[in-house]
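To start, the structure itself, in structure tokens.
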Amino acid sequence: MSIEIPKAYEPQEIERHRAQVWFETQLYRPPDDSRGEVFSIVLPPPNVTGSIHIGHMLEHTQIDIIVRWKRMQGFKTLWLPGMDHAGIATQVVVERQLAAEGLKREQLGREEFERRVWQWKAESGGKIKDQMIRLGVSCDWTRARFTLDPPLYRAVMEAFLRLHREGLIYRGRYMVNWCPRCQTALSDLETVHESHEGKLWFIRYPVKASNEFIIVATTRPETMLGDTAVAVHPDDERYKTLIGKTLILPLVNREIPVIADDSVDREFGTGAVKVTPAHDPNDFAMGQRHKLAEIDVMTPDAHISAAGGPYAGLERFAAREKIVQDLKAQGLLEKTTNHPMSIAICDRCKTIVEPRLSVQWFCKMKPLAAPAIEAVERDVLSIVPENQRKIFLDWLANIRDWCISRQLWWGHRIPIWHCGKCGAMTPASDSKVEIVNGHAQIASVPHACGKCGSKELTQDPDVLDTWFSSGLWPFSTLGWPDDTEDLRTFYPTSLLISGYDILFFWDARMTMLGLHLMRGDTLEERIPFHQLYVHAIVRDPHGIKMSKTRGNVVDPLEIIEKHGTDALRFALAVMAAPGTDIALSEERIIGYRAFANKIWNAARFLFFNLEKAEAAGLTIDELAAPEIRAKAPYTAADALPHRWIFSRLASVTAQVNDALENFRFHEAAHVVYHFFWGDFCDWYIEWLKPQLSSQNREETVASWRNLFAVFEYALRLLHPFMPFLTEELWHRLPQNADAKSISLESFPIANPVWSDPAAEEQMALLQELIGTVRNARAEAKLDAKKKLAAELSSEKTSVRELAERNLEPLLRLSYLTELKIQEQPFGTAGDALVRTTAQFELRIRTGEVADVQAEIAKLKKEKARLKQDIETKQSRLADTTFRSRAPEEIVRGLEATVAERQREYQKIVDRLTGLV
RNA sequence: GGGCGAUUAGCUCAGUUGGUUAGAGCGUUCCCCUCACACGGGAGAGGUCCAAGGUUCAAGUCCUUGAUCGCCCACCA
């Protein structure tokens, strides 16, 4: 029997097929009846708009590695997927589509607009799901959730109503970040600050009935239309006499007072600041302190409002220009200076944000943050890497109230009704939802105003910040507020893996809301996840952030089509050192595609040679039945290669498990890569080749069994990193005809019994021996096909024996025709290449006269290197402080090294004297 | 303004408690289409670990300062 497989690994069809099977068989739904330790994790839900990008790919790869690893370790494992309705982001996309049709959402009306968004959601969401399935993520699709699904809608209502009852959610007229394009309030997090080359305008404000004036400096002259005071520092000698006087506000001719306030910075500008309570957060606070009028001079779309008199209707920057010109014309513009500053822009649409006074809903954060801080400090929630923990804590410590209302139509509508008569607010009596037109909305609509009994009730038009519902994700997805089986089983989740870009948006909010809303006496019971691993972001090959405008984005699906998912996954994993961003290049991915091919071909080699096993009388069962495999390693007359590879397996397994435990994906991937390619393919398989069809049946049987055992072991080790390839090969293994999936097999556990330092040491020596031969022939530029004879000498019996016993593989690996082993050192004839190490001396007969001069030059170079090395070490050893303070093992180690180098040195000297 | 990170081979990056000759992938040079794999095999070259001080028997690793680059936070008119 032999199994035919193609010469090169072509991932596309294989991956598509495997992904489909995994999905259709619901392979990753945790068995309902199983008990045992639980591992649960939620997918950071991608925005329903857009598509899977490389950042998702990194995140999904890391989660999937951990999840597959845990599942194989025997945990009852749930990875819960889903999508986020992504309030603004989605609404913006659909509004853009409408704009292309020449429509505005107001023309459609709320209901029709929502219908359009749902339509788009179905399309886009379906695409994302298909993409994720194609990526092979091992999540439980039967539990997929969407933030606007009825049960989750209800969870949002429940959370809102509860926080509202508790007084943690309040409504009020405050200064908020307002996006004039999105026409909605934004939270602080949804704005980003950009440095900007601004200007500082110095404007004269005349004192009433006097020739005096005060010069104020401002970066936003257009807001002067709304000025209601000018403030100076109370102790500022320059202005002391003016405090309390009245100024005439230029252009609008309004009378405004000069007030004194501690918050004024005497050093800045002229030390006098115009106060615009309706258009600046500081001024708003000052206005509150001094009971100043708030004059809103701007419309929601950032044009000057009627309150701006002659400037009404002008766009804000056009107004600025005109105002500056008018001031100049009236001689009131003292001067203009450059002023570097930072401006806030809308994270979503990049429009400059306008601080705006408006009525919004807020969530008090201090009381919610306190338990979260405690949880992190007490390590109830552990955060990796360490520096993210500090950032997390700092943010919580300085937290401010969260503006949670958005003037959008797409989202969870606030379950509060306003009375048209008395203005009082009546909340829904409970969180139940009903389905209307297929979608959830609050069911328990109040019939009358809770205060005056009027029936004139209208629901608050606003929806909640999309992150409010995201903040409930780890429990809303499990059925909260009901006490469901899932919630009891899988909450708290074990781990969260998320990017640092949403640490505050999402991770921190989930932590706070979970701790507050969930039942349980202890933080441990309420915390939404026990561990938080914060991953980095993917950058382009030059380390530059990917963005559509720069055009350096990498489409993971394109890469996957070209090189396969496993190659991309492996590249991402091996580059994902905690705390540093990833510069991803296609070359790198191609490299791991080659690795996949290498694995494929190792399998091909096994399959190809099965006849040889049969020739030795082995059946498939004998070869690789699980119970037979379990007894590996089998040893034969020459046990060294087997002892060695299993010893390597023991340490590799320990390293992989340890690395994954600490989210050191790069280390785990690196270790399996080098084990498979270096140890397994380059040495073990090569070594075993002659034994696979040798005359010695015992040896052949042992080699075959071990080869299969190691190979299938390696597949399991590799599976979390390369799920498709390993699954495919697993099924092609002859003994696995009926196997369900490698992902349900057990993950290797390091077997300390296999650890065999002696074997590793001997192998290292053999590798050195072989390397020496290869090096010599390469340097002598000998024809690669030319067979050589060599002689080996060593004072050490163990070395001679080792070489003798492993004659076969040595011949094979080095293309020697003959190897003679002797005790005595060689003479010094010039017809051979001689290589000397501390352990042995090797003479390779080339059959031609060696280039003696080249040999001498090489030896001299080596001699000099050794001399230098020995001297440095000796002087170190001569240092009495070193001898007295350094640990004894270090000193002894150094002594041994020096002794060895000296022997080597002596040999070279001898050889040189012979040659010269 | 506050905080954080980075600087190691031509390029992109590893290097967890300080310890003997600092690693990987790609690229590059030389040899080989050897019966699993040219997406391969073999052998090389290539680094005063940003700079200057310091701690230590011992520093890529710890401390201080500086330079360059990057990121995050922030209500500096």
Side-chain angles (χ1 to χ4, degrees), chain A residues 5 7-9 175 188 193 200 216-220 223 231 263-265 267-269 272-276 280-285 339 341-342 344 355 387-388 390-391 394-395 398 400 500-501 503-504 541-543 545 563 567 571 574-575 577-585 587-588 590-609 659 662 664 666-667 670 673-674 681-682 685-686 689 771 774-779 781-785 812-815 865 869 872-873 876 879-887 889-891 893-894 896-898:
Chain A
I5 71 172
K7 192 171 171 182
Y9 176 53
M175 188 65 56
D188 296 337
H193 296 269
L200 199 53
V216 299
T218 179
T219 56
R220 300 201 55 199
T223 63
S263 70
V264 177
D265 178 0
E267 309 300 319
F268 190 91
V273 57
K274 61 193 246 357
V275 184
T276 322
D280 180 276
N282 286 320
D283 294 5
F284 175 72
H339 182 67
M341 55 189 278
S342 74
N387 66 321
Q388 297 294 331
K390 239 184 89 182
I391 295 171
D394 281 354
W395 188 75
N398 299 309
R400 294 162 56 210
Y500 59 67
D501 50 338
L503 187 67
F504 309 140
H542 308 289
K545 203 167 177 172
H563 308 299
V574 87
M575 299 177 83
T580 39
D581 288 342
I582 293 171
L584 186 69
S585 66
E587 290 83 61
R588 201 73 197 250
I590 291 169
Y592 295 109
R593 178 193 179 139
F595 181 47
N597 192 54
K598 187 76 182 176
I599 299 167
W600 179 260
N601 272 287
R604 187 160 175 265
F605 171 75
L606 292 191
F607 296 159
F608 207 73
N609 286 293
N662 294 295
R664 302 177 65 80
H666 68 303
E667 196 178 299
H670 186 260
Y673 178 92
H674 286 284
C681 291
D682 291 347
I685 290 183
E686 292 303 325
K689 274 178 179 173
R774 287 171 175 171
N775 173 279
R777 49 180 312 152
E779 280 197 356
K781 297 216 190 301
L782 296 175
D783 184 345
K785 278 178 232 156
R812 180 87 191 174
L813 286 163
S814 309
Y815 305 99
R865 194 188 66 83
D869 189 47
T872 326
K873 291 195 165 59
R876 191 88 173 285
D879 187 343
T880 49
T881 356
F882 169 69
R883 298 197 85 100
S884 61
R885 301 230 182 147
E889 60 189 84
I890 297 289
V891 178
L894 197 58
T897 313
V898 169

Rounded distance in Å - [atom1] ([X]) to [atom2] ([N]):
X	N	atom1	atom2	value
A:Glu686	B:C37	CD	C1'	10 Å
A:Gln388	B:C71	CD	C1'	11 Å
A:Asn597	B:G25	CG	C1'	17 Å
A:Phe608	B:A36	CZ	P	7 Å
A:Arg593	B:G25	CZ	P	19 Å

(request) Would you mind building the protein contact string for nucleotides 11-19 of chain B? One character per nucleotide, 5' to 3', B for base within reach (heavy atoms under 4.0 Å), S for sugar-phosphate only, - for untouched. (result) -SSSSB--B
Touch check for [X], heavy atoms < 4.0 angstrom, all strands: base, sugar-phosphate only, or nothing?
X	answer
A:Asp879	sugar-phosphate
A:Asp283	nothing
A:Ser585	nothing
A:Val264	base
A:Asp265	base

Between N or O atoms, less than 3.5 Å apart, protein on one side and nucleotides 60-62 of chain B on the other: list the pairs.
none

(message) Can you see if the side chain of A:His339 gets near the phosphate of B:A77 - specifically, an N or O under 4.0 Å from OP1 or OP2?
(response) yes
(message) With a 4.0 Å cutoff (strictly under), does any side-chain N or O of A:Lys7 reach OP1 or OP2 of B:C39?
(response) no
(request) Please state whether the base of B:C37 and the side chain of A:Lys598 form at least one donor-acceptor pair under 3.5 Å? (result) yes
(request) Check whether the side chain of A:Lys689 and the base of B:A36 form a donor-acceptor pair under 3.5 Å. (result) yes
Who does [N] pair with, Watson-Crick or G-U, both distances under 3.5 Å?
N	value
B:G25	B:C11
B:G53	B:C63
B:C4	B:G70

(request) Return the 5'-most residue of the pair A:Phe595, A:Phe268 with respect to RNA chain B, ranking by each residue's nearest nucleotide. (result) A:Phe595
(message) Judged by each residue's nearest nucleotide on RNA chain B, which is more toward the 5′ side, A:Phe504 or A:Ser263?
(response) A:Phe504
Atom pairs, protein N/O to nucleotides 43-45 of chain B N/O, distance under 3.5 Å:
residue	atom	partner	partner atom	Å
B:A43	O3'	A:Asn775	ND2	3.1
B:G44	OP1	A:Asn775	ND2	2.3

(message) Less than 4.5 Å apart, side chain to side chain, heavy atoms only: is that true for A:Phe882 and A:Leu894?
(response) yes
